[in-house]
2 protein chains.
Amino acid sequence: MPYTYEYPRPALTVDCVVFAFDPSNKSLKVLLIQRLADPFKDSWALPGGFVEMEEDIETAAKRELKEETSMENIFLEQLYTFGTLGRDPRGRVVSVAYYALIPLQKAQTPIAASDAKAAKWFSIDKLPPLAFDHNDILQLGLQRLRGKVRYQPIGFELLDEKFSLSDLQRLYETVLGVQLDKRNFRKKLAKMGVLIETDEYQQNVPHRAARLYRFDKEKYHQLIHDGFNFEL
Amino acid sequence: MPYTYEYPRPALTVDCVVFAFDPSNKSLKVLLIQRLADPFKDSWALPGGFVEMEEDIETAAKRELKEETSMENIFLEQLYTFGTLGRDPRGRVVSVAYYALIPLQKAQTPIAASDAKAAKWFSIDKLPPLAFDHNDILQLGLQRLRGKVRYQPIGFELLDEKFSLSDLQRLYETVLGVQLDKRNFRKKLAKMGVLIETDEYQQNVPHRAARLYRFDKEKYHQLIHDGFNFEL
DNA sequence: TCAAAAGTGTTTCTGCTACACCCATGC
DNA sequence: GCATGGGTGTAGCAGAAACACTTTTGA
């Protein structure tokens, strides 16, 4: 069933840089799949695939994500469109890259979809060589995450719905690669007033249990509307 | 000469949001073309066109820009890729949008390219209705410009190579939509040390002539390298 | 009782804000 | 000589940074 056009057209794909954060060892992780077929058979690559004709690009990205993680309602934003000649040995392929943030706790063990031999979380400082220009894409995603995390509250997307202040601090320290002062960090967040104190505490920890908080999206949007600026 | 593929493929285009700044009346301008053919014949639209098969996407954007403005070496950055179903009545068309910044002084009168009846600068607060989803694209470009101008020195791209401090201040006031204090603005810039004082002054002004400055790109990149952060 | 992390205030210092007058030039 | 924008310094204040000890819990 062939499709014919008057002028040549590139193929259109999506690729996803999926981040997760493990507070226990302060490591930022990326989801990779191992390719089942050539080109780059057995190489690790970003999850992705072709955009269907009757499907929005972002929908395609969500579909691919669901295949690998069985998760829906994931935080997802467009990152950049890669279309240099020769980036795919099969011919002209333009790829719209997205980045996604998911709470590691909720993420089940990743599933190898039909086009993958395996799917696995990799710590961003222990990455294997990647297929195509996927390393460029991944690095750009990382850069975007680091840039955006400090003036938009997207970091919360990497934590469970309820989290301790120390986990939040560990997240920021990891993503930004800095050391933060506990008291100043808490003071700043308290002043912003976008955290809701719950009555719950950590369970089964071998030390004093930390109180858990939730991010107050409503309040945040209201504050934004009034000209507030989230920062650090 | 038809081209045939096993699966259907969207057409790929580029669209450019081209900004310029007129310090004399503090207005931010956008370049629009008037469409020569259907769909949206006679409507105003962003300059753009199809991406050739053997051409990088950014190269396509530069080519389109050169056709309308006869300028090369323009500041150009990818903005977002628009691909919702139904955004073009002719069928599935995915458009990679770019935004460009050019110094109004250097820009000659825009030229209507082959696909355009006219090309004209519009002040962003007096825009005509636009074809396709081009208003969305334009607004996103504006948002990006406003967001980026405060922590990356891209504003200089909208000024001549040599400019007065007042022009620079007017630019920031216009883009950000705020009023700035002259002394504080100058103090901040002086402290950053990314401006080179020239020995030249404004010509033919009916008042004291302002000294002209240049942006020091070298110095800026060196400072960035040392962990400096441009802001405001 | 020990280990491990949670939780909590004050002081210092730096950087932002607010603010007004004289200067040079063209008409 | 007048109108127009160019150019310059200081004082007060708010917010960031630095910093150490007590509390709770499980083992």
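Keep in mind that the numbers below use all heavy atoms, side chains included, and drop hydrogens, waters and symmetry copies. As the structure is a computational prediction, the values presented were derived from the model and not from experiment. Each chain gets a letter, A, B and so on, in the order the sequences are listed, and its residues count up from 1.
- Residue A:S166 has a polar side-chain atom (N or O) positioned under 4.0 Å from OP1 or OP2 of C:dA6.
- With hydrogens and angles left out, the side-chain atoms of B:Q143 and B:Q139 include no donor and acceptor closer than 3.5 Å.
- For the pair A:D181 CG and C:dG7 C1', the interatomic distance rounds to 13 Å; values are reported in whole Å.
- Going from atom CD of A:E231 over to atom C1' of D:dG15 covers 13 Å, rounded to whole Å.
- A side-chain donor-acceptor contact under 3.5 Å links A:Y99 and A:E77.
- A:N184 has its CG atom 13 Å from the C1' atom of C:dC13, to the nearest Å.
- Side chain of A:K182, nearest nucleotide from D:dA17, C:dT8, D:dG6: C:dT8.
- An OP1 or OP2 oxygen of C:dG26 is reached within less than 4.0 angstrom by no side-chain nitrogen or oxygen of B:R208.
- Under a 3.5 Å cut-off, the side chain of A:S70 and the backbone N or O of A:K66 do not form any donor-acceptor pair.
- Following rounding to the nearest Å, A:L165 (CG) and C:dA5 (C1') show an atom-to-atom distance of 13 Å.
- Judged by distance alone, with hydrogens and angles left aside, the side-chain atoms of B:D160 form no donor-acceptor pair with the main-chain N or O of B:K162 at under 3.5 Å.
- Counting distance only, with no hydrogens placed and no angle test, the side-chain atoms of A:R183 and the base atoms of D:dA20 include a donor-acceptor pair under 3.5 Å.
- Nucleic acid contact class of A:N204 (heavy atoms, under 4.0 Å, all strands): none.
- No contact: B:S164 has no heavy atom under 4.0 Å from any strand.
- When the C1' atom of D:dG15 is taken as reference, atom CZ of A:F185 falls 17 Å away, rounded to whole Å.
- At the heavy-atom level, A:R211 lies under 4.0 Å from the strands shown only through sugar-phosphate atoms.
- Distance, B:K188 NZ to D:dG7 P: 19 Å, rounded to whole Å.
- Judged by distance alone, with hydrogens and angles left aside, B:K187 brings no side-chain donor or acceptor close enough to the base of D:dT8 to form a pair under 3.5 Å.
- One atom, CD of A:Q203, and another, C1' of D:dT25, lie 12 Å apart when rounded to the nearest Å.
- Atom CD in A:Q202 sits about 12 Å away from atom C1' in D:dT24, given to the nearest Å.
- In terms of position along DNA chain D, the nucleotide closest to B:R186 lies nearer the 5' end than the nucleotide closest to the other residue of the pair B:R186 and A:A209.
- The cationic atom of A:K120 (NZ for Lys, CZ for Arg) lies less than 6.0 Å from the six-membered ring centre of A:F122 and within 45° of the ring axis.
- Below the 3.5 angstrom threshold, one finds no donor paired with an acceptor across the side chain of A:K191 and the base of D:dG15.
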